[in-house]
Amino acid sequence: MIVPLAKVTAYGLMEDKAQILADLQEIGCLHLIPLKPSGDPIAEGGPSSRSRDALNFLLNCPRRRRQVRDPSKFDPLKVEHRALDLRESIQTLEDERDFLKERIANLRPWGEFVFPSLEELGNVRLWFYLVPRNQMEKVEAAGLIWEVVLRDNRFSYVVVLSEGEPEGMPVPRVRTGSISLPELEDRLEEVELVLEDLQAERAGLTRWCYLFARGIHRLEDQAAVEQAARQTYDASPVFALQAWAPRENVAELREYAAGKMVVLEVADPDPGEIPPTLMHNPRLLAGGQDLVSFYTTPQYWLWDPSVIVFFSFAVFFAMIFADAGYSAALGLILAALWKWMGRTDSRRRFRALLATLVGAGVAYGVMVGSYFGVAPAEGSLPAGLKVLDIMDFDTMMLLSIMTGVFHLVLANAVTAWHWRRSARAVVPAAWVFIFLGAASVWLGYSGGQAAGFLKTVGVAAMGVGLGAVLFFTSVEGPLWQRLLRGIQGFTRLSNAFGDSLSYLRLFALGLASASLASTFNDLAGQVRASVPGIGFLFALLIILLGHGLNFLLALSSGFIHGLRLNFIEFFNWSISEEGDSFKAFSRKERVPWRTWS
């Protein structure tokens, strides 16, 4: 659900401002409203961005030390400066090491030698070329002074003597520099030794990561308070702070204000205002909220589709996966990661979502009777539980489209219920009649004489819906303008038709997954029968690789298209306007990363 908010305005003494802001940050339920047009937004990183760079540099160290937890021994400024110096030095030396390795690789085929001075060579320079052997004729024809110092199967190593860069050579010159090979190798050894020492010092600094992380968040909390202070309206000796707060927290804020001699005003948002959106759902269903937030944030005055998205995504995923065996395999992967996924709130929400996907996938796979592409034997219990034949194209197409119609009807019905006290509810209710009427007409034509009455019912429902769209798409202005906008509203008929047919992908992708699984099984069986003995190994390899590939394809299709049907088709008929997320003015988590022993 979208949490109801109230606008709170607090008035306090300037001398208490810093402490009041710190206290409100500790309470952590306010979304600040800047009262100064020039006020800066609350910063994400505060003044400690260089500290974050230093911490990330230490956390990425491959060798880590046991953490020190006694803050009396910790100098954050010293650790930050040394870590940043190390990062710069290591980067510089690594660049030099890469350069030296490339230069040594270019120079080694030419042998060990020392470049003579230009005076000794009469201002003639040495130019080095790696020439393909089939192009040596061009070198001979260039009229230059040259010598081949080495040949291999592909190239000739040619040295040309010339005052300037030679012309007519078939290939670019090899850059060897003016330093000899032994000197380059000695320098490379020095660089690698220094890098080892610096990396060892870096590993030593990792012992302060725990205290460093705590210090960073303390700095960011202080920065947030300082920037919040610039959001207030100051008129000495008092200041004013304004924010959005959940209504359920208003009592706590009143209690705090009474104890701190702070005047607190509370007001409901005006209809013309658009407060930020704060969504809250039951813990086991909060994964749907994460899915919605991944794509958009519903406007405050709309409704929260998280629960519907949670369950509809599970249904779509199951219909695309279309195999109880694959779903069980996904369940085994989830079981292996269960403990790891329980370490943070976000992982626990995603874990609950995955568990629902696994359950829905197994249930649907049993209904269509597919177990790694194998149909259950006649007379068995799994065969008795099979109620759908995925190869029955007419039935599966009907099921997919009816699932889509129900999904879109649900979008409009909930929207109409949300606006039930307003004329805005008429149009989404009208589209409910249009979708149901069109589906009834289709069923009437495809269901034979027994379902003929559905045609009449469907046409009547569509007529009511189209009339409501015509007269209530706009409720303002003269009648002719309202009718004109109503005619424009009919253009959504093509959207309704296309969106409904878009759910055919549930059938198509489920059929593709089941067909591939069956094909790999048949191919493995044919190989085993045609190649006695070792054919069993080949068949096993086909089973493992084929089903592994099909599993990944079905998994990606389930996520991509399952979410697409919610984000595109469903939101197209329900979430018409995007809002801003509620950003609480609160203290940050103390330790954002898992420490090591």
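Model, not experiment: these values are computed from the prediction.
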Electrostatic pair Arg348-Asp345, nearest N-O below 4.0 angstrom: yes
Could you go through Phe570 and Ile308, starting from their C-alpha distance and side-chain angles, then the distance that decides it, and tell me whether this counts as side chain to side chain contact (heavy atoms under 4.5 Å, CB included)? CA-CA 10 Å; Phe570 183 76; Ile308 294 178; 3.6 Å; yes
Check: Arg207 side chain, Gly204 main-chain N or O, donor-acceptor pair, under 3.5 Å: yes
Checking side chain to side chain contact (heavy atoms under 4.5 Å, CB included) for the pair Thr297/Asp580: CA distance, chi angles, key distance, verdict? CA-CA 6 Å; Thr297 299; Asp580 296 321; over 6 Å; no
Any chance you could lay out the side chain to side chain donor-acceptor pair (under 3.5 Å) test for Ser312 and Asn566, step after step, and finish with the verdict? CA-CA 8 Å; Ser312 61; Asn566 282 287; 2.6 Å; yes
So how far is it from Lys7 NZ to Trp244 CH2, rounded to the nearest 0.5 Å? 4.5 Å
Can you tell which of Val160, Val159, Val131 makes a side-chain contact (heavy atoms from CB on, under 4.5 Å) with Trp146? Val160
Any chance you could lay out the side chain to side chain contact (heavy atoms under 4.5 Å, CB included) test for Leu354 and Met341, step after step, and finish with the verdict? CA-CA 11 Å; Leu354 285 180; Met341 297 186 72; 3.8 Å; yes
When rounded to the nearest 0.5 angstrom, what distance separates CD in Glu185 from CG in Leu107? 8.5 Å
More than 12 heavy atoms of other residues, nucleotides or ligands under 6.0 Å from CD of Glu578: yes or no? yes
Polar side-chain atom of Arg351 near backbone of Trp338 as donor-acceptor pair, under 3.5 Å: yes
Name each donor-acceptor pair under 3.5 Å that joins a side chain in residues 74-81 to protein atoms two or more places apart or in another chain, with its distance.
| from | atom 1 | to | atom 2 | distance (Å) |
| --- | --- | --- | --- | --- |
| Asp75 | OD1 | Leu77 | N | 3.4 |
| Asp75 | OD1 | Lys78 | N | 3.4 |
| Glu80 | OE1 | Ser51 | OG | 2.7 |

Do Leu285 and Phe311 have side chains that approach each other closer than 4.5 Å (heavy atoms only, starting at C-beta)? yes
Once you round to the nearest 0.5 Å, how far does CZ of Phe582 lie from NE2 of His280? 13.5 Å
Please check: side-chain N/O of Asn281 versus main-chain N/O of Ala286, any donor-acceptor pairing under 3.5 Å? no
To the closest 0.5 Å, what do you measure between CD (Glu94) and OG (Ser89)? 11.0 Å
Drop me the distance from Ile90's CD1 to Asp85's CG, to the nearest 0.5 angstrom. 11.0 Å
Any side-chain heavy-atom pair of Tyr210 and Val68 under 4.5 Å: no
Using only atom types and a distance under 3.5 Å, with no angle test, would you say the side chain of Glu577 pairs donor to acceptor with the backbone of Gln299? no
Beyond-backbone contact of Leu553 with Ser513, side-chain heavy atoms, under 4.5 angstrom: no
When the ring planes of Phe350 and Phe559 are compared, do they come out parallel, tilted or perpendicular, using 30° and 60° as the limits? tilted
Above 12 or not: heavy atoms from other molecules or residues under 6.0 Å from CD of Glu192? yes
Could you tell me which non-hydrogen atom of Phe520 sits nearest to which non-hydrogen atom of Ile542, and how far apart they are? O-CG2, 3.9 Å
If you define the side chain from C-beta out and look only at heavy atoms, does anything of Met279 sit under 4.5 Å from Pro298? yes
Quick one: are Leu93 and Glu96 in side-chain contact, heavy atoms under 4.5 Å? yes
How about CZ on Arg347, more than 12 heavy atoms from neighbouring residues, nucleotides or ligands closer than 6.0 Å, or not? yes
Does CD in Glu190 sit with more than 12 non-hydrogen atoms of other residues, nucleotides or ligands closer than 6.0 Å? yes
Can you give me every donor-acceptor pair (side chain of residues 8-23, partner residue at least two apart or in another chain, under 3.5 Å) with its distance?
| from | atom 1 | to | atom 2 | distance (Å) |
| --- | --- | --- | --- | --- |
| Thr9 | OG1 | Gln242 | NE2 | 3.0 |
| Lys17 | NZ | Ala229 | O | 2.9 |
| Lys17 | NZ | Thr232 | OG1 | 2.8 |
| Lys17 | NZ | Asp234 | OD1 | 3.1 |
| Lys17 | NZ | Asp234 | OD2 | 3.0 |
| Gln19 | NE2 | Asp23 | OD1 | 2.8 |
| Asp23 | OD2 | Tyr256 | OH | 2.7 |

Apply side chain to side chain donor-acceptor pair (under 3.5 Å) to residues Asp95 and Gln91 and explain how you reach the verdict. CA-CA 6 Å; Asp95 292 342; Gln91 183 63 55; 3.0 Å; yes
With rounding to the nearest 0.5 Å, note down the distance linking CG in Leu144 to CE in Met169. 6.5 Å
Please determine if Arg103 and Glu183 form a salt bridge, counting it only when a charged side-chain N lies under 4.0 Å from a carboxylate O. no
Is it the case that more than 12 heavy atoms not belonging to Arg125 sit under 6.0 Å from its CZ atom? no
Once the angle between the rings of Tyr326 and Phe372 is folded into 0 to 90°, is it parallel (under 30°), tilted (30 to 60°) or perpendicular (over 60°)? perpendicular
Distance-minimising heavy-atom pair for Leu5 and Pro276: CD1-O, 3.2 Å
So do the side chains of Leu563 and Phe316 get within less than 4.5 Å of each other, counting heavy atoms only? no
Check against side chain to side chain contact (heavy atoms under 4.5 Å, CB included), Phe571 and Val309: CA-CA 10 Å; Phe571 283 2; Val309 169; 4.0 Å; yes
